[in-house]
Amino acid sequence: MGFRPFISKLCHELCLSGWVRNQVDGVVGQVDGEKSKIDEFMVRIISEAPPSARIQSIIPVEVDTADIPTGFHIRFSQNTGDQITLIPPDLRLCDDCKIELLGESRRTGHPFINCTNCGPRYSIIKQLPYDRAHTTMAGFVQCSNCQKEYDSLSNRRFHAEPNACHDCGPQYTFRSAKGNLYGMSIFEAAIDVLRKGGVLVVKGLGGFHLVCSALNEEAVQRLRVAKNRDQKPFAVMFRDKKQLESFILLAKGELSALLSPEAPIVLLTNPPYRSLAPSVNPGLSHLGAMLPYMPLQVLLMQTTEMPPLVMTSANHANDPLIIDDAMAWKFFGSQLDGAIVSDRAIHNRSDDSVVMIVDDILHMIRRARGFVPDPLYMDMFVEGILAVGAELKSTFCIGREQLALMGPHIGDLRTPEALAFFEEGIERFSHLFRFTPRLMVHDLHPDHESTRWVIKSGLPRIGVQHHHAHIAAVLAEHDVRHKVIGIAMDGVGFGEDGTFWGGEWLECDLLSYNRIGHLPYLPLIGGDKAVKEPWRLALAVLMETGVSEEIIYRLLPDIDVEKIRSVLKVGQTPLPIVKCCSAGRWFDAVSALLGFCLFQEYEGQSPMIMEQAIDQLDAPLEPYPYGLGPTPSFSPMVAAMLADIEAGIHRGIISRRFHDTIITIIHDWALISRENTSINHIVLSGGVFQNRYLLTRSIDDLKSLGFDVLCSERFPCNDGGISLGQLAIAAARLKLKESVCA
Ligand code: ZN
Ligand code: ZN
Ligand code: FE
């Protein structure tokens with residue numbers, strides 16, 4: 001979007017003649033003119049490309065200049081047949097539009113201002129081709145001024161489909177118990193409510209937000225009650241760089257991620273040095289921050305008296321986010337202090353994306369707004385494959401020719417509402433990208449909702465092992481086809497042998513894997529309950545070491561004695577107990593043993609608290625001892641750890657030594673593998689690598705040993721990346737099958 005006008009403008013400026021056109025596999029054109037100007041053109045295509053452009057590569061070819069017309073022309077392409085047309089993601093308000101919005105222009109204060117470089121795209125499109133009639137802007141006829149801009153090649157709004165102004169655009173309405181407000185008065189009213197500690201539900205790009213002051217504890221607590229979320233940290237929106245830096249010292253790369261066209265939530269490296277309301281991120285010192293990305297948000301926050309705002313998706317706990325005005329009013333606005341709704345409908349839901357920056361590299365945590373539906377170009381044919389991901393942090397991925405197109409983050413599939421969103425997402429992607437599935441790919445777990453959904457479809461299907469998919473997602477992202485050593489430190493995934501895996505040492509490529517080793521197994525006493533109540537895992541660890549009941553009671557002082565007794569009884573029965581070798585569950589167990597987190601409300605809470613407690617002093621510390629072998633024994637580690645706990649050693653030191661032990665195991669696995677196989681490529685994946693300490697130290701250590709280390713970057717290392725791995729594995733197997741049959 002906006003790329004052809006950009007090329008045209010550049011050519012006019014450089015006195016180059018020729019033409020440019022969109023086609024299926026990118027933009028094609030011919031130019032003629034002075035050689036030095038053509039050289040300059042080649043450089044400036046990259047350095048000055050509009051923010052919405054995605055340049056994968058530029059392939060220059062010499063052609064006969066006799067065919068090149070005089071002057072420069074944009075040639076229009078027909079959108080026909082089976083052609084894939086890419087849809088751009090939603091982009092943050094650009095700087096040019098922001099200047100118009102806040103300065104003197106005919107769009108001063110217009111909360112729907114946009115241009116070809118910014119504004120809604122994916123969230124408003126209903127079908128292709130992407131023109132206004134096929135978006136939720138269809139009902140708004142452009143006024144003559146807007147139409148002129150839209151038709152003018154040299155204008156920034158040339159073919160900007162959501163183009164609008166005060167005269168012809170959509171409108172916001174502020175609904176509250178006092179009645180409805182329209183026009184500019186809604187901003188004064190909303191700002192007043194927020195500054196006085198009120199809570200609003202506000203329409204965003206891909207869904208609604210619940211919004212309140214991040215400095216007002218009472219307001220944040222009310223918001224938590226409304227959302228039915230006790231502890232999961234909330235993201236905070238800051239007015240601008242200046243306000244953000246008055247709270248937090250940004251690390252390298254964080255500001256550019258915050259200011260990027262995708263404008264994600266960035267999980268910041270440093271904790272704030274000025275405090276926010278404690279309920280913003282209970283128990284955690286770190287924060288997810290973002291900057292305003294919609295004109296509405298800029299207008300709400302422009303007054304210097306506006307504090308940073310909690311900005312969290314408007315939905316109840318695990319439900320998909322609300323996109324409908326009436327529902328936003330019914331469930332939140334009418335019960336809180338009002339709703340800001342609008343007559344520009346959201347068609348495709350997408351949450352705010354979440355990233356973290358580690359050593360200046362972006363690592364995706366949750367992939368949605370700003371990134372969806374950007375494709376991943378694969379050097380293999382993936383046509384007709386639909387991969388449905390896992391169950392928590394669910395995403396799906398479709399294959400069109402050589403493009404992998406991942407849907408937005410859906411979340412926990414275990415509610416009918418989430419499953420409906422999953423089905424809706426697949427249906428909409430199929431429609432938009434003219435996709436017909438011929439092969440389905442699912443996780444091996446028979447009880448995942450996604451697996452059941454695939455089986456019900458009756459289409460040909462392939463089951464893929466969870467941790468193989470984790471590693472394969474990284475291979476797909478980095479275009480690696482050879483064998484690697486894959487180390488998946490993850491939550492629980494169903495294993496080929498019917499047990500639960502999650503601390504995996506694999507030798508693999510896309511086609512297949514060999515499980516060389518894994519972390520030791522740990523009893524999941526209470527099954528799913530053990531995930532919510534990590535003290536059960538701590539108790540399981542203690543039971544395996546055979547310590548006395550007296551010590552157990554002493555180490556778990558906050559757990560009811562009767563509860564412990566009942567678990568001990570279960571442990572003594574001959575009934576088989578489900579076991580898993582998940583790194584995530586080991587982190588949960590140790591965190592509970594250290595008393596950091598005995599009950600967790602959301603996945604990852606317990607290890608996050610333990611990670612932030614790590615003693616960061618430079619004093620050298622030894623990792624804990626452990627038994628060597630393909631399956632290391634943790635008995636020596638647990639014994640040493642218990643001795644440290646009993647001796648009253650600082651928990652931050654124990655936490656660090658535990659982290660370092662896992663890093664040492666990764667180190668040993670890598671070295672043993674290289675010796676046995678000569679493979680020098682290590683792939684790290686799995687949700688546990690969202691742990692910054694573990695990720696950076698592991699990468700540094702492996703690099704110092706001369707390994708090539710690969711991690712997921714633009715796709716999540718957690719289960720949100722599984723669908724991409726599944727798609728790549730299925731494509732590789734399909735190719736093999738077809739080449740054997742041929
Ligand atoms: Zn703009
Ligand atoms: Zn207009
Ligand atoms: Fe996983």
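First listed ligand is number 1; within each ligand, the first listed atom is number 1. Treat the numbers as computed from the prediction; the structure is a model and nothing was measured.
Arg369 forms a cation-pi arrangement with Tyr293, by the criterion of a distance under 6.0 Å to the ring centre and an angle within 45° of the ring axis.
At a cut-off of 2.8 Å, Cys146 is counted among the residues with an N, O or S atom near the Zn ion (ligand 2). Residue contacts to the Fe ion (ligand 3): His466 brings an N, O or S atom closer than 2.8 Å.
In this structure, Phe587 and Phe658 have perpendicular ring planes: the angle between them is above 60°, well past the 30° mark.
Using a 4.5 Å heavy-atom cutoff, the side chains of Met406 and Val372 are not in contact.
Using a 4.0 Å cut-off between a side-chain N of Lys or Arg and a carboxylate O of Asp or Glu, Lys532 and Glu601 do not qualify as a salt bridge.
No donor-acceptor pair under 3.5 Å is formed between the side chain of Ser350 and the backbone N or O of Gly206.
Rounding to 10 degrees, one finds that the Fe ion (ligand 3) sits at the corner of an angle of 110° between Asp490 OD1 and Asp719 OD1. An angle of 120° is found at the Zn ion (ligand 2) between Cys165 atom SG and Cys168 atom SG, rounded to 10°. With the Zn ion (ligand 1) as the vertex, atom SG of Cys118 and atom SG of Cys97 span an angle of 110° (nearest 10 degrees).
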